[in-house]
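Contents: one structure, followed by commentary.
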Amino acid sequence: MKFIAIIPARYASTRFPGKPLALLGGKPVIQRVHEQVSSLISEVYVATDDKRIFQTVTEFGGKVVMTSDKHKSGTDRIEEAYQTIGQHFDVVLNIQGDEPFIQPSQIETVCKCFDDPATQIATLGMPFKSIEGLENPNSPKIVVDNNNYAMYFSRSVIPYCRGIDRKQWLSSYPYLKHIGLYAYRSEVLAQITCLPQSSLEIAESLEQLRWLQNGYRIKVGLTDIETIGIDTPEDLHKAEELLQKLLMKG
């Protein structure tokens, strides 16, 4: 099975403009992400709408594709990039451009989901470690069936543990936090980017609900690794501290 990883990277982020080019340990964040992914996947591309990002990726030796600046989601950007690349791959991975600590084991877990021929889309989930994290609406929850296919994603705490003190919920049910790493069979990627927004997607502001609501099957791989996404300059500071700790250990 042939895999390709595409990293969507926008310059015009509302909370942190230019974050793909922000330096983390002396290297741009986008380069850190690219290096992590390249350690496992041989074909890795960055998809961007900005010439500065394009130039930076080219300078560190990465492959990069210019895409439209009209896309409303990273999924749409990835589909355009995939068509521009013009080669056939069985599975397309969508790697968040602000996840410099993504681990090869996490990517491998998502790839293995496609050993199941019924898998159309794959993503990751990890157990919540605190009730505060569970109740955070910015950390979507996943409910899965007995075969680890997603039944629903929500910003609300689901399921509701009736008759149990809320402080005991984590020990009463294996709540899963969604980790935003996706992979799609290439023909499915082409299909889902043609779908209009769904009512559930609009209500929760979660793109994956569009796919579920249209009947697509999303396999959920499990990980125990917590990653740090960079959404704000404060997150970059935390990431710098973590990187220094990792370098000291290594």
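Predicted model, so just to flag it, every value in this text is computed and none were measured.
When every heavy atom of Gly97 is checked against every heavy atom of Ile7, the shortest pair comes out as CA-CG2, 3.5 Å. When all heavy atoms of Asn136 and Asn138 are compared, the pair lying nearest together is OD1-N, 2.8 Å. Here the closest non-hydrogen pair linking Phe114 and Ala122 is CE1-CB, 3.6 Å. Across all their heavy atoms, Leu124 and Val220 have their closest contact at C-CG1, 4.1 Å. When all heavy atoms are compared, the tightest approach of Leu21 to Arg52 is CD1-CB, 3.8 Å. Residues Val46 and His34 share a closest heavy-atom pair of CG2-CD2, 4.2 Å.
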Derivation of the side chain to side chain donor-acceptor pair (under 3.5 Å) call for Tyr184 and Asn94: CA-CA 8 Å; Tyr184 330 81; Asn94 176 350; 3.0 Å; yes
Residues Ile30, Glu35; criterion side-chain contact (heavy atoms from CB on, under 4.5 Å); working and verdict: CA-CA 9 Å; Ile30 191 65; Glu35 289 174 353; over 6 Å; no
Worked verdict on Val110 versus Tyr182 for side-chain contact (heavy atoms from CB on, under 4.5 Å): CA-CA 8 Å; Val110 166; Tyr182 293 106; over 6 Å; no
Side chain to side chain donor-acceptor pair (under 3.5 Å) between Thr123 and His178, worked out: CA-CA 8 Å; Thr123 192; His178 182 223; 2.8 Å; yes
Verdict with supporting geometry, Gln208 and Tyr152, side chain to side chain donor-acceptor pair (under 3.5 Å): CA-CA 9 Å; Gln208 61 271 34; Tyr152 195 68; over 6 Å; no
Intermediate values then yes/no, side-chain contact (heavy atoms from CB on, under 4.5 Å), Phe101 and Leu242: CA-CA 9 Å; Phe101 299 106; Leu242 176 58; 3.9 Å; yes
Test log, rule side-chain contact (heavy atoms from CB on, under 4.5 Å), inputs Arg10 and Lys19: CA-CA 8 Å; Arg10 294 173 60 247; Lys19 68 179 177 181; over 6 Å; no
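In this structure, Lys112 places its NZ atom where only 12 or fewer heavy-atom neighbours from other residues, nucleotides or ligands lie under 6.0 Å away.
Leu170 and Ile179 are not part of a single hydrophobic cluster, where members link through side-chain heavy atoms under 4.5 Å apart. Under the 4.5 Å side-chain heavy-atom criterion for Ile, Leu, Val, Met, Phe, Trp and Tyr, Phe60 and Met66 are members of the same hydrophobic cluster. Cluster annotation: Val37 and Val64 are assigned to the same hydrophobic cluster (Ile/Leu/Val/Met/Phe/Trp/Tyr, side-chain heavy-atom contacts under 4.5 Å, transitive). Ile225 and Leu222 are not part of a single hydrophobic cluster, where members link through side-chain heavy atoms under 4.5 Å apart. Grouping the Ile, Leu, Val, Met, Phe, Trp and Tyr side chains by contacts below 4.5 angstrom, directly or via other members, places Tyr175 with Ile131.
Here the side chains of Phe128 and Lys141 are in contact, with some heavy-atom distance below 4.5 Å. You'll find the side chain of Thr48 stays beyond 4.5 Å of the side chain of Val57, heavy atoms only. The side-chain heavy atoms of Pro100 and Gln36, taken from C-beta on, include no pair separated by under 4.5 Å. With a 4.5 Å cut-off on side-chain heavy atoms, Ile4 and Tyr45 count as touching. Side-chain contact between Asp98 and Pro20 is absent, with no heavy atoms from C-beta onward closer than 4.5 Å. The shortest side-chain heavy-atom distance between Asp90 and Phe3 does not fall under the 4.5 Å cut-off. Residues Thr75 and Ile192 form a side-chain contact, since some pair of their non-hydrogen atoms from C-beta on lies under 4.5 Å apart. Contact annotation: the side chain of Leu40 approaches that of Glu108 to within less than 4.5 Å [non-hydrogen atoms, C-beta and beyond].
Between Trp211 and Phe153, the ring center distance fails the sub-6.0 Å criterion.
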For a quick test of your reading: what N or O donor-acceptor pairs under 3.5 Å do the side chains of residues 77-88 make, sequence neighbours left out?
unit_1: Arg77; atom_1: NH1; unit_2: Thr67; atom_2: OG1; d: 2.9
unit_1: Arg77; atom_1: NH1; unit_2: Ser68; atom_2: O; d: 2.7
unit_1: Glu79; atom_1: OE2; unit_2: Gln83; atom_2: NE2; d: 2.9
unit_1: Glu80; atom_1: OE1; unit_2: Ser68; atom_2: N; d: 3.0
unit_1: Glu80; atom_1: OE1; unit_2: His71; atom_2: NE2; d: 2.5
unit_1: Tyr82; atom_1: OH; unit_2: Gln87; atom_2: O; d: 3.4
unit_1: Tyr82; atom_1: OH; unit_2: Phe89; atom_2: N; d: 3.0
unit_1: Tyr82; atom_1: OH; unit_2: Phe89; atom_2: O; d: 3.3
unit_1: Thr84; atom_1: OG1; unit_2: Glu80; atom_2: O; d: 2.9

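Here the CE atom belonging to Met151 is positioned 6.5 Å from the CG atom belonging to Asp145, to the nearest 0.5 angstrom. Distance check, rounded to the nearest 0.5 Å: CD of Gln213 to CD1 of Ile202 gives 9.0 Å. Taking OG of Ser205 as the start and CZ of Arg155 as the end, the distance is 5.0 Å to the nearest 0.5 Å. Interatomic distance, Asp224 CG to Ser105 OG, rounded to the nearest 0.5 Å: 9.5 Å. Separation of atoms CG (Leu209) and CD1 (Ile218) is listed at 8.0 Å; rounding is to 0.5 Å. If you take CG on Leu206 and OG on Ser154, they are separated by 7.5 Å, rounding to the nearest 0.5 Å.
Put simply, the side chain of Thr193 gets close to the backbone of Ala190: a donor and an acceptor are under 3.5 Å apart. With hydrogens and angles disregarded, a donor-acceptor distance shorter than 3.5 Å links the side chain of Gln96 to the backbone of Gly180.
Applying the salt bridge (charged side-chain N to carboxylate O under 4.0 Å, His left out) criterion to Arg32, with sequence neighbours excluded, gives no partner residue. Remark: Arg210 engages Glu201 in a side-chain hydrogen bond (donor to acceptor under 3.5 Å, both in side chains) (not counting sequence neighbours).
Applying the side chain to side chain donor-acceptor pair (under 3.5 Å) rule to pairs touching residues 232-241 yields Thr232-Glu234, Thr232-Asp235, His237-Glu241, Glu240-Gln244, sequence neighbours excluded. Applying the salt bridge (Lys or Arg N to Asp or Glu O under 4.0 Å) test to every pair with at least one member in residues 174-193, sequence neighbours left out, gives these pairs: Lys177-Glu226. Screening residues 156-173 for side chain to side chain donor-acceptor pair (under 3.5 Å), with sequence neighbours left out, gives Glu135-Arg166.
Using a 4.0 Å cut-off between a side-chain N of Lys or Arg and a carboxylate O of Asp or Glu, Asp76 and Lys70 do not qualify as a salt bridge. Remark: Lys219 engages Asp116 in a salt bridge, criterion side-chain N to carboxylate O under 4.0 Å.
Under the 3.5 Å distance criterion, with hydrogens and angles disregarded, no donor-acceptor pair is assigned to the side chains of Thr56 and Gln31.
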